[in-house]
Trainee: 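Sending over a structure as structure tokens; questions will come in a sec.
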Amino acid sequence: MPDSGWDDSLLPREREVLALMAEGWSNTGIADRMYVSLRAVEKHVTSVFAKLGLPASAASNRRVLAVLHYLAANGRTGEPAGERAGDRPGAGWGKPHSR
């Protein structure tokens, strides 16, 4: 796990992309939401992986590891965000199913 200042190395757009990744958005969804090209999002994601020290590996998923770093650094427990919870693809996750 990076030191407490790990996110200082991320540019604002990289932090924004990482936050949207943590909300469950795909690269295409992030591009649409940020009004940028898919290629721009891919570059930001690649940069986030590099800055977090997450090399490509068949044994792990860098996207999941990056999100875990983000959640840990922001003191989040994985609960959906309050006002934006209904506005994201993972809205309602973590809630029990009604039967």
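Residues: numbered from 1 along the sequence shown. Since we're looking at a predicted model, the values are computed, not measured. We use all heavy atoms of the structure for the numbers below, so side chains are in, but hydrogens, waters and symmetry mates are not.
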Trainee: Under a 4.5 Å cut-off applied to non-hydrogen side-chain atoms, are Lys51 and Ser47 in contact?
Mentor: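 Side-chain contact under 4.5 Å: yes.
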Trainee: Looking at CZ of Phe49 and CG of Leu54, how far apart are the two atoms once the value is rounded to the nearest 0.5 Å?
Mentor: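 Interatomic distance, Phe49 CZ to Leu54 CG, rounded to 0.5 Å: 7.0 Å.
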Trainee: Can you list everything that forms a side chain to side chain contact (heavy atoms under 4.5 Å, CB included) with Ser60? Sequence neighbours excluded, please.
Mentor: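 Ser60 satisfies side chain to side chain contact (heavy atoms under 4.5 Å, CB included) with Ser57, Leu65 once adjacent residues are dropped.
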Trainee: Val17 versus Met21: any side-chain heavy-atom pair under 4.5 Å?
Mentor: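 SC-SC contact between Val17 and Met21 confirmed.
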Trainee: Please round to the nearest 0.5 Å and tell me the distance separating atom CG of Asn74 and atom CG of Leu18.
Mentor: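 Those atoms lie 8.0 Å apart.
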Trainee: For residues Glu14 and Val45, determine if any side-chain heavy atom of one lies less than 4.5 Å from a side-chain heavy atom of the other.
Mentor: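 Of all side-chain heavy-atom pairs linking Val45 with Glu14, none is under 4.5 Å.
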Trainee: Tell me yes or no: between the side chains of Asn27 and Arg39, is some donor less than 3.5 Å from an acceptor?
Mentor: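 No, because no side-chain N or O of Asn27 sits under 3.5 Å from a partner of the opposite role on Arg39.
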Trainee: Under the side chain to side chain contact (heavy atoms under 4.5 Å, CB included) rule, collect the residues that match up with Ala19, sequence neighbours excluded.
Mentor: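 Checked Ala19 against side chain to side chain contact (heavy atoms under 4.5 Å, CB included); matches are Tyr70.
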Trainee: What I'd like to find out is whether the side chain of His44 reaches to under 4.5 Å of the side chain of Ile30, using heavy atoms alone.
Mentor: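 Not in contact.
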Trainee: Heavy atoms, side chains only, cut-off 4.5 Å: are Leu20 and Met34 in contact?
Mentor: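 A side-chain contact exists here, since the closest heavy-atom pair is under 4.5 Å.
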Trainee: Should Trp25 and Leu38 be counted in the same cluster of Ile, Leu, Val, Met, Phe, Trp and Tyr side chains packed under 4.5 Å apart?
Mentor: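 Unlinked, Trp25 and Leu38 end up in two clusters.
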Trainee: Rounded to the nearest 0.5 Å, what separates atom OG1 in Thr28 from atom CZ in Arg33?
Mentor: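 Going from OG1 on Thr28 over to CZ on Arg33, the span is 14.5 Å.
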Trainee: Which heavy atom of Pro55 sits nearest a heavy atom of Gly53, and at what distance?
Mentor: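 Looks like CD-O, 3.1 Å.
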